[in-house]
Amino acid sequence: LPDLRQARVTAAQAENDVSLVRRVAQGRLDIVGHEIRRRAGAEGDGSDLPGLLFSLPDILSSQSRGTSGRAVVINEPGSIALMLVEELDAVVSPGDLSGVDSLDDGSLRMVCERIGEFEASLSSVRRQLHERIDTIQIEIGRRYRDGEVSVDTFL
Amino acid sequence: NASELDDVWTRYKSNPTQEDRDLLIVYYAPLVKYVAGRIASGLPQNVDQADLVSYGMFGLIDAITKFDLDRGFKFETYAISRIKGAVLDELRSIDWVPRSVRAKAKSVERAMSKLEAKLHRVPTDEEIAEELDLTGDQLNAIYNQISSLGMVALDEMLSFGAGGGENATLGDTLADRREGPGGVYERVEMRQMLAEAINGMGERAKIVLTLYYYENLTLAEIGRVLGVTESRVCQIHTKAVLQLRSKLTA
Ligand SMILES: Nc1nc2c(ncn2[C@@H]2O[C@@H]3COP(=O)(O)O[C@H]4[C@@H](O)[C@H](n5cnc6c(=O)[nH]c(N)nc65)O[C@@H]4COP(=O)(O)O[C@H]3[C@H]2O)c(=O)[nH]1
Ligand SMILES: Nc1nc2c(ncn2[C@@H]2O[C@@H]3COP(=O)(O)O[C@H]4[C@@H](O)[C@H](n5cnc6c(=O)[nH]c(N)nc65)O[C@@H]4COP(=O)(O)O[C@H]3[C@H]2O)c(=O)[nH]1
């Protein structure tokens, strides 16, 4: 059981890091997506930076929300997160985002695609980590249920 | 691109302008999405996530103005803790947990402490209901009402704000977490106190707390271990947290 638990802890720390950078990538994708829609006439005219800042709470909140029923904590980013953040920073620069209204249509689409690909790869790694963690946890749960492990030994 | 980011930081720190500050805010704002998403997961569905993001933005702006380039921390690490603090502080200040629910939780805790002092063991639901002059169903309804507010409400009822700026919640203290530069000993001691308090509880409460916080199983997975419904796990969890609180504040 200690080995199982260690395997889960390692995978969970990686999952935590990947989830963090995934959310950051999604946020940047949503900011770029907002500009694309604005140019197509779909959003208000807040094309300058103050307008963008004002819209950030709407852009960055996801209305569709489920909960996974798991204890959720907010941890410090680990080394995997910091490494992935550097990769993401290489994909999109500060100027791309705050100056998003000054990019031409072609560059805007390019940035959108690049961040989208990065987000998709993170989501795919995250799904694999979920499968791994959930398999381990079903086994840990089974051992508790079948009495192979008791809470007292753990505590 | 990494050097463009470094340039903005260096430029901003040596000569803070609104323009550079806004640039940094937009660039790092998605960190607020991350924090708000996680906190939202522990709140009832009717809480507007956009509000959480606005609260978090204050924490981000604070982090940008206060960040010290030479201290050697990563900005993301520093910003995440400021953003989380800002969201939780604002939630507390708008007192989002309904007074009536808070009052009911307090009365259940008082009954628990009183009974535990008298019986020298953790009281059963029957005993607690009797003490409060309620039926078993009415007591369960109270547990359900508290659970429906989500995990942040329960965390709040057991938050260990002794550390100052970074308010540690029950989840933070119990769950696996990498220790940050500060507060390691405080959390280890807290974990110890909590482990001892959990050890003195009933079997099912112990299992739910251990599996939820230490083994990080979902409520549904815990239900399968205990052979009960997920909503029953929720009730046991709520009761266990109230019990923990009554023990630790006794
Ligand atoms: N409760 C819960 N459910 C989860 C979680 N992670 C994934 N899911 C579920 O699994 C589906 C697929 O997730 P994905 O492969 O990461 O694929 C996701 C992801 O790549 C992306 N995405 C998700 N949220 C955002 C966002 O806020 N912004 C952007 N730009 N993309 C997002 O869109 C895809 C579809 O998202 P959905 O329609 O929401 O569909 C999601 C959602 O129903 C989680 O942590 N909690
Ligand atoms: N082992 C395992 N872990 C899982 C699974 N699903 C999510 N997690 C982890 O649990 C955290 C909380 O998930 P949540 O309660 O659904 O809370 C989620 C959910 O409400 C929302 N969210 C994130 N991604 C999506 C998505 O693609 N679609 C939807 N609809 N919501 C999402 O944001 C919150 C925070 O997301 P994260 O920061 O990614 O943090 C997630 C992620 O690290 C899973 O199937 N197995």
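What you see is a predicted model; the values in this text were computed from it and never measured.
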What is the minimum heavy-atom distance between [X] and [Y], and which atoms define it?
{"X": "B/Y34", "Y": "A/I74", "result": "CE2-CG2, 4.2 Å"}
{"X": "B/P30", "Y": "A/L60", "result": "N-CD1, 4.2 Å"}
{"X": "A/P94", "Y": "B/E4", "result": "CD-OE2, 3.9 Å"}
{"X": "B/V225", "Y": "A/R145", "result": "O-CG, 3.1 Å"}
{"X": "A/A71", "Y": "B/N216", "result": "O-ND2, 3.4 Å"}

Problem set entry | Most contacts with chain B, counted as non-hydrogen pairs under 4.5 angstrom, among A/P57, A/G141, A/G27 | A/P57
Exercise. Most heavy-atom pairs under 4.5 angstrom with chain B, which of A/I133, A/I31, A/L53?
Worked result: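 Ranked by contacts with chain B, first place is A/L53.
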Tell me, do [X] and [Y] make a side-chain contact under 4.5 Å, heavy atoms counted?
{"X": "A/S62", "Y": "B/Q49", "result": "yes"}
{"X": "A/L20", "Y": "B/L31", "result": "yes"}
{"X": "B/L217", "Y": "A/Y144", "result": "no"}

Problem set entry | Among B/D22, B/V8, B/L24, B/L23, side chain to side chain contact (heavy atoms under 4.5 Å, CB included) partner for A/S98 |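 Checked B/D22, B/V8, B/L24, B/L23 against A/S98; only one passes side chain to side chain contact (heavy atoms under 4.5 Å, CB included): B/L23.
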Exercise. Of A/L56, A/D30, A/I59, which is the lone residue that meets side chain to side chain contact (heavy atoms under 4.5 Å, CB included) with B/K33?
Worked result: A/D30
Problem set entry | Residues which pass side-chain contact (heavy atoms from CB on, under 4.5 Å) with B/S14, listed by chain and number, not counting sequence neighbours |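 Result, side-chain contact (heavy atoms from CB on, under 4.5 Å) vs B/S14: none returned.
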For this session: Just grab all the side chain to side chain donor-acceptor pair (under 3.5 Å) pairs involving residues 50-75 of chain B, residues at least two apart or on different chains.
Result: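 The answer is B/D62-B/K66, B/D62-B/R82.
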Taking the side chain from [X] and the backbone from [Y], do they hold a donor-acceptor pair closer than 3.5 Å?
{"X": "A/R8", "Y": "B/E215", "result": "yes"}
{"X": "B/R38", "Y": "A/V73", "result": "yes"}
{"X": "B/E76", "Y": "A/L82", "result": "no"}

Exercise. What residue, out of B/E203, B/Q45, B/E196, has the most heavy-atom pairs lying under 4.5 Å from chain A?
Worked result: B/Q45
For this session: Quick one: which of B/A50, B/A29, B/G42 has the most heavy-atom pairs under 4.5 Å with chain A, could you say?
Result: B/A50
Exercise. For A/R142, does the CZ atom sit with more than 12 other heavy atoms under 6.0 Å from it, leaving out its own atoms?
Worked result: yes
For this session: Count the heavy atoms of every other residue, nucleotide or ligand shown that sit under 6.0 Å from CZ of B/F67, and state whether that count exceeds 12.
Result: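 Yes, the 6.0 Å shell around CZ holds more than 12 heavy atoms from other groups.
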Exercise. Under a 4.5 Å heavy-atom cut-off, does chain B meet the side chain of A/V85, its backbone, both or neither?
Worked result: side chain
Problem set entry | NZ or CZ of A/R28 within 45° of B/Y27 ring axis and under 6.0 Å |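 Verdict for B/Y27: a cation-pi partner in A/R28.
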Exercise. Once you round to the nearest 0.5 Å, how far does CD of A/E76 lie from CZ of B/F73?
Worked result: 8.5 Å
Exercise. How many angstroms lie between CD1 in A/I140 and CD in B/E221, if you round to the nearest 0.5 Å?
Worked result: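 Going from CD1 on A/I140 over to CD on B/E221, the span is 9.5 Å.
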